[in-house]
Amino acid sequence: MSPLAAIARHHNLNIISYADETQLILSLTNDPATARINLHEGMKDVAEWMMNSRLKLNSDKTEVLILGSSPSAWDDSWWPPALGSAPKPTDHARNLGFILDSSLSMTRQVSAVSSSCFNILRMLRKIFRWIPTETRKTVTQTLVTSRLDYGNTLYTGTTVKLQKRLQRIQNASARLILDIPRHSHISRHLRDLHWLPVSKRITFRLLTHAHKALHDLGPRYLNNHLTFYTPTRQLRSTSHALAAVPCIRKATMGGRSFSYLAAKTWNSLPIHLRLTQDHLSFRKQLKTWLFEQ
């Protein structure tokens, strides 16, 4: 697959590959006309490489997702005829099991997670009466709460309504494990299970990624988007390990970007957490701090 990545980069296309999935990412913000040429010429070279390698593009599995712009920006001229008919833009696409929609609202993803988790909980309810509490907790964490945590950093900045839907899943899981009434108050029981509420679990994951990025422990595509704040002159805040907060043009999209929201959230941490360099120690202290909030 190395030649495919080389072709993409030659035409200024960002490429992300995982196992047998390959994605091309193209920014239309600065120069849409040049972007159109880059994609068209790049896909022409991809078509030639596939033909020489005796491969065929599966058009049924090829999707186009336009984020933050109208799908009308796409037409058949973006797609070289050698690869067959041009795919039509979709309003959502599945990325490694996570559903992304064109507005990044995460509504479809939350609906899918909610449906699958409650189906699992209904099945578990039939057998949990014969299972001890600790085993219930292990099974539920494996089959249900792991789905809540998967990719949960992408829920950062979503609406309170969507996060409440995810919280209902966690509440139902706790009630099933501890066999408590449906309408009983749940906060104390979540603490007994040592579970952070969903909103704090999202914050926890965001800040652990931020800590890795600031200390060059994460992947390059995150490390490059977060740096420590360096003032132009000596200030008292210089030694406070603050993150540089970039300027944004639109609060709807830019305000939810990792570079902006991670930096803002990082700067809200107490100074003793920001100064903690060991990642494992940071995670433990962060979880304790979130429980106390």
**Message:** Measuring only between side-chain heavy atoms, which start at C-beta, is Phe291 closer than 4.5 Å to Leu286?
**Reply:** no

**Prompt:** Under 6.0 Å between ring centres, would you say that holds for Phe204 and Trp195?
**Reply:** no

**Request:** Find out if a path of hydrophobic residues (ILVMFWY) with successive side-chain heavy-atom gaps under 4.5 Å connects Met50 to Met43.
**Result:** yes

**Asked** Mind checking whether Phe98 and Arg94 have side chains closer than 4.5 Å, heavy atoms only?
**Response** no

**Prompt:** Taking side chain as C-beta onward, heavy atoms only, is Gln23 less than 4.5 Å from Asn14?
**Reply:** no

**Asked** Should Val139 and Leu148 be counted in the same cluster of Ile, Leu, Val, Met, Phe, Trp and Tyr side chains packed under 4.5 Å apart?
**Response** yes

**Item:** Same apolar cluster: Met106 and Ile202, side chain cutoff 4.5 Å
**Value:** yes

**Message:** Could you check, using the six-membered ring where one of them is a Trp, whether His211 and Phe282 have ring centers closer than 6.0 angstrom?
**Reply:** yes

Expected list for residues 127-134: side-chain donor-acceptor pairs under 3.5 angstrom, two or more places apart:
none

**Prompt:** In terms of heavy-atom contacts, does CZ of Arg122 have more than 12 from other residues, nucleotides or ligands at under 6.0 Å?
**Reply:** yes

**Item:** Spatial distance of atom NZ (Lys44) from atom CG (Leu39) [nearest 0.5 Å]
**Value:** 12.5 Å

**Request:** Please tell me if the side chains of Leu65 and Ser102 come closer than 4.5 Å, counting only heavy atoms from C-beta onward.
**Result:** yes

**Item:** Minimum side-chain heavy-atom gap Leu242-Arg274 below 4.5 Å
**Value:** yes

**Prompt:** Is there a donor-acceptor contact under 3.5 Å linking the side chains of Glu292 and Thr288?
**Reply:** no

**Message:** Grouping I, L, V, M, F, W and Y whenever their side-chain heavy atoms are under 4.5 Å apart, do Leu67 and Tyr221 come out in a common cluster?
**Reply:** no

**Message:** So, taking the atom named CG in Asp192 and the one named CD1 in Ile186, what distance separates them when rounded to the nearest 0.5 Å?
**Reply:** 9.5 Å

**Val113 vs Tyr155 side-chain heavy atoms within contact, under 4.5 Å** = yes

**Prompt:** With distance as the sole criterion, is a donor-acceptor pair present between the side chains of His11 and Asp45 under 3.5 Å?
**Reply:** yes

**Asked** Hey, is the main chain of His272 close enough, under 3.5 Å, to the side chain of Thr276 for a donor-acceptor pair?
**Response** yes

**Prompt:** Does some side-chain heavy atom of Leu222 sit less than 4.5 Å from a side-chain heavy atom of Pro219?
**Reply:** yes

**Message:** Apply the hydrophobic cluster definition, ILVMFWY joined by side-chain contacts under 4.5 Å directly or through others, and give me every member besides Ile99.
**Reply:** none

Would you mind writing out the side-chain donor-acceptor pairs for residues 166-178 within the sub-3.5 Å range, not counting sequence neighbours?
unit_1	atom_1	unit_2	atom_2	d
Gln167	OE1	Val198	N	2.8
Gln167	NE2	Gln170	OE1	2.8
Gln167	NE2	Asn171	OD1	2.8
Gln170	NE2	Leu196	O	2.8
Ser173	OG	Ile169	O	2.9
Arg175	NE	Pro181	O	3.3
Arg175	NE	Arg182	O	2.7
Arg175	NH1	Arg182	O	3.4
Arg175	NH2	Arg182	O	3.2
Arg175	NH2	Ser184	O	2.7

**Message:** Are His40 and Ile37 packed together at the side-chain level, in the sense that at least one heavy-atom pair is separated by less than 4.5 angstrom?
**Reply:** no

**Asked** Going by the angle between their ring planes, with limits at 30° and 60°, are His215 and Phe228 parallel, tilted or perpendicular?
**Response** perpendicular

